[in-house]
Amino acid sequence: MDEQIQQSGGVEAVVVSPAAVAAAGVVPESVLRPGFRSERMWTYFGPAFVASVAYIDPGNFATNILGGSQFGYRLLWVLLWSNAMAILIQYLSAKLGIVTGATLPQNCRQHFSRTTSMTLWVCAEVSAVATDLAEFLGAALGLDLLMGPALQAHGMSPAGSLMVAALIATLAVFAILALDLLGFQWLERGIMALVGVIGLCYGFEVVLVHPDWVHAFYATIVPTFDRSSHVALQGSVYAAVGMLGATVMPHVIYLHSALVQPRLKAMSATSKPAPSVLRQYLKFERVDVFVAMNGAWIINSAMVVMAAVALFRGPSVSPTIQDAFHTLGPLLGRSAAVVFAVALLCSGLSSSTVGVMAGQVIIEGFLKIRFPIFLRRMITVIPALIVIAVGFDPLKILIGSQVLLSFTLPAALIPLLLLTNRKSVMGEFRSAARTRIAGWVTAGVIIALNAVLLVQMV
């Protein structure tokens with residue numbers, strides 16, 4: 001048998017190649033392909049980091065700036081609880097993909113009626129389009145903040161410079177998507193690099209603003225709304241639901257179940273990995289989700305803290321992303337404004353890429369249609385270009401899209417809970433009682449917040 005002997009810490013370890021195992025007619029549960037061995041946990045990092053991009057997208061910029069500038073530190077608790085929900089939801093999505101070997105949309109098509117499946121597809125497409133619109137607008141805004149002044153100095157109108165930025169952002173997203181042609185890990189690394197840039201940018205911003213950490217900690221732990229007036233209460237509830245919708249994203253629930261598939265196929269020599277192999281992958285995916293989601297939570301909290309210190313004006317003021325950029329320059333220096341724009345650009349490019357990937361998973365899973373991802377990018381960029389050309393307020397569209405996402409979130413979350421709670425789907429990996437309770441409590445909180453917001457709006 002074709003074997004390799006590795007010396008590690010004085011102990012000889014036999015690594016059996018998949019080809020040799022197949023030739024021998026036996027497949028031990030411990031056999032993993034090179035690059036996905038258990039002692040190299042870092043090779044399992046990636047899916048959750050790609051998913052985490054949706055939690056720090058331009059919609060988060062808009063809602064976090066709104067929440068911080070209107071209510072200071074008060075709504076930091078929303079991010080803490082949203083993150084706890086995100087960890088649970090994203091792990092369940094990954095778990096469903098790992099155990100069944102199919103994506104959430106594929107499982108919905110297989111286990112639900114056609115009517116239910118088509119209804120879920122419509123909700124999923126609405127969330128994907130709303131997400132992609134917000135994320136692409138964010139990328140265009142970030143690039144326009146950096147290059148717009150120079151273009152306008154040469155006679156171009158503000159709308160024209162934003163359109164140029166949008167076209168360049170389109171090409172940039174195509175380039176990021178092309179990384180997948182080199183292998184799924186190249187795309188993951190590219191997106192993880194962009195996430196790292198966003199984190200560094202906001203670390204720099206927080207250092208500049210010198211926040212009140214005691215106040216921030218209290219606001220993170222103690223849930224409160226602004227009850228100073230009816231308008232303030234309504235505004236704080238609206239901002240909280242927008243922050244929730246921007247943090248827990250329906251499209252990425254579908255996507256995460258697909259992101260784990262390449263590793264699932266690469267880690268075992270068998271077509272159906274053994275239970276012990278699945279348990280190992282689930283163990284590493286828990287770590288991946290925990291690290292990635294908490295990283296996104298820290299970045300989101302930094303956004304609110306920065307806005308609370310530098311932009312706080314009370315419930316009556318709604319600063320735009322451009323206002324934040326132009327305020328940070330005189331207040332904290334040109335470097336603060338540039339770093340803010342760079343973070344927004346990286347957020348928009350990475351999240352727009354992830355949004356296109358999610359749309360691909362949704363349409364292929366629900367409708368069983370092979371749809372070229374580059375064609376989808378071309379189609380989904382059209383609404384954003386129309387919005388820019390017409391001259392709608394990008395911030396209002398960003399925030400409105402996040403509120404819309406919070407309403408479509410149950411359409412992704414409830415099927416996920418139903419499927420992961422079924423023994424016929426998950427077998428021995430069916431969710432434990434405490435996980436089922438936590439999942440339904442999460443769904444209940446989201447639905448209740450949406451109901452409160454609807455009543456407030458009426």
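No experiment lies behind these values; they were computed from the predicted model shown.
Legend: residues meeting ring pair (Phe, Tyr, Trp, His ring centres under 6.0 Å) with Tyr73, ordered by chain and number and at least two apart, are His215. Applying the side-chain contact (heavy atoms from CB on, under 4.5 Å) criterion to Ile168, with sequence neighbours excluded, gives Leu143, Met147, Val164. Scanning for ring pair (Phe, Tyr, Trp, His ring centres under 6.0 Å) contacts around Trp77 gives Phe225, with sequence neighbours left out. Residues satisfying the side-chain contact (heavy atoms from CB on, under 4.5 Å) test with Thr442, not counting sequence neighbours, are Met85, Leu88, Ile89, Leu413, Ile446. Applying the ring pair (Phe, Tyr, Trp, His ring centres under 6.0 Å) criterion to Phe49, with sequence neighbours excluded, gives Phe45. With sequence neighbours left out, Ser424 forms a side-chain hydrogen bond (donor to acceptor under 3.5 Å, both in side chains) with no residue at all. With sequence neighbours excluded, the residues that form a ring pair (Phe, Tyr, Trp, His ring centres under 6.0 Å) with Phe174 are Phe374. Residues satisfying the side-chain contact (heavy atoms from CB on, under 4.5 Å) criterion with Gln360, sequence neighbours excluded, are Glu364, Phe371, Ile373, Arg376. Considering only residues two or more places apart in sequence or on other chains, Arg436 meets the side-chain contact (heavy atoms from CB on, under 4.5 Å) condition with Asn421, Arg430, Ser431, Ala433. Listed by chain and number, the residues in a side-chain hydrogen bond (donor to acceptor under 3.5 Å, both in side chains) with Ser301 are Trp297 (sequence neighbours excluded).
Every pair tested for salt bridge (charged side-chain N to carboxylate O under 4.0 Å, His left out) that includes a residue from residues 105-123 fails, sequence neighbours excluded, so the list is empty.
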Next item on the list: I would like to know whether Phe71 and Ser236 meet side-chain contact (heavy atoms from CB on, under 4.5 Å); could you show each step before the answer?
Entry: CA-CA 7 Å; Phe71 305 103; Ser236 60; 3.7 Å; yes

Next item on the list: Kindly determine whether Phe112 and Phe366 satisfy ring-ring contact (aromatic ring centres under 6.0 Å, His included), including the steps that lead there.
Entry: CA-CA 11 Å; Phe112 298 139; Phe366 278 112; 9.2 Å; no

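Taking 4.5 Å as the limit, some side-chain heavy atom of Glu188 sits within range of a side-chain heavy atom of Pro47. Contact annotation: the side chain of Glu428 approaches that of Arg279 to within less than 4.5 Å [non-hydrogen atoms, C-beta and beyond]. At a threshold of 4.5 Å between non-hydrogen side-chain atoms, the residues Leu76 and Val305 count as touching.
The two residues His251 and Ala54 come nearest to each other via the heavy atoms CE1-CB, 3.7 Å. Here the closest non-hydrogen pair linking Ala258 and Val361 is CB-CG2, 3.6 Å.
At least one donor-acceptor pair under 3.5 Å links the side chain of Gln261 to the backbone N or O of Gly97. With hydrogens and angles disregarded, no donor-acceptor distance shorter than 3.5 Å links the side chain of Asn64 to the backbone of Phe61.
Of the inter-residue distances, the one linking Thr435 atom OG1 with Tyr91 atom OH reads 8.0 Å to the nearest 0.5 angstrom. Atom CD1 of Ile87 and atom CZ of Arg286 lie 13.0 Å apart (nearest 0.5 Å). Rounded to the nearest 0.5 Å, atoms NZ (Lys95) and NE2 (His256) are 13.5 Å apart. Rounded to the nearest 0.5 Å, atoms CD1 (Ile447) and CG (Leu409) are 9.0 Å apart.
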In a table with atom names and distances, give each donor-acceptor pair under 3.5 Å that connects a side chain of residues 338-357 to protein atoms at least two apart or in another chain.
from: Ser347; atom 1: OG; to: Ile56; atom 2: O; distance (Å): 2.6
from: Ser350; atom 1: OG; to: Cys346; atom 2: O; distance (Å): 2.7
from: Ser350; atom 1: OG; to: Ser347; atom 2: O; distance (Å): 3.2
from: Ser351; atom 1: OG; to: Ser347; atom 2: O; distance (Å): 2.5
from: Ser351; atom 1: OG; to: Gly348; atom 2: O; distance (Å): 3.4
from: Ser352; atom 1: OG; to: Arg377; atom 2: NH1; distance (Å): 2.5
from: Thr353; atom 1: OG1; to: Leu349; atom 2: O; distance (Å): 2.8

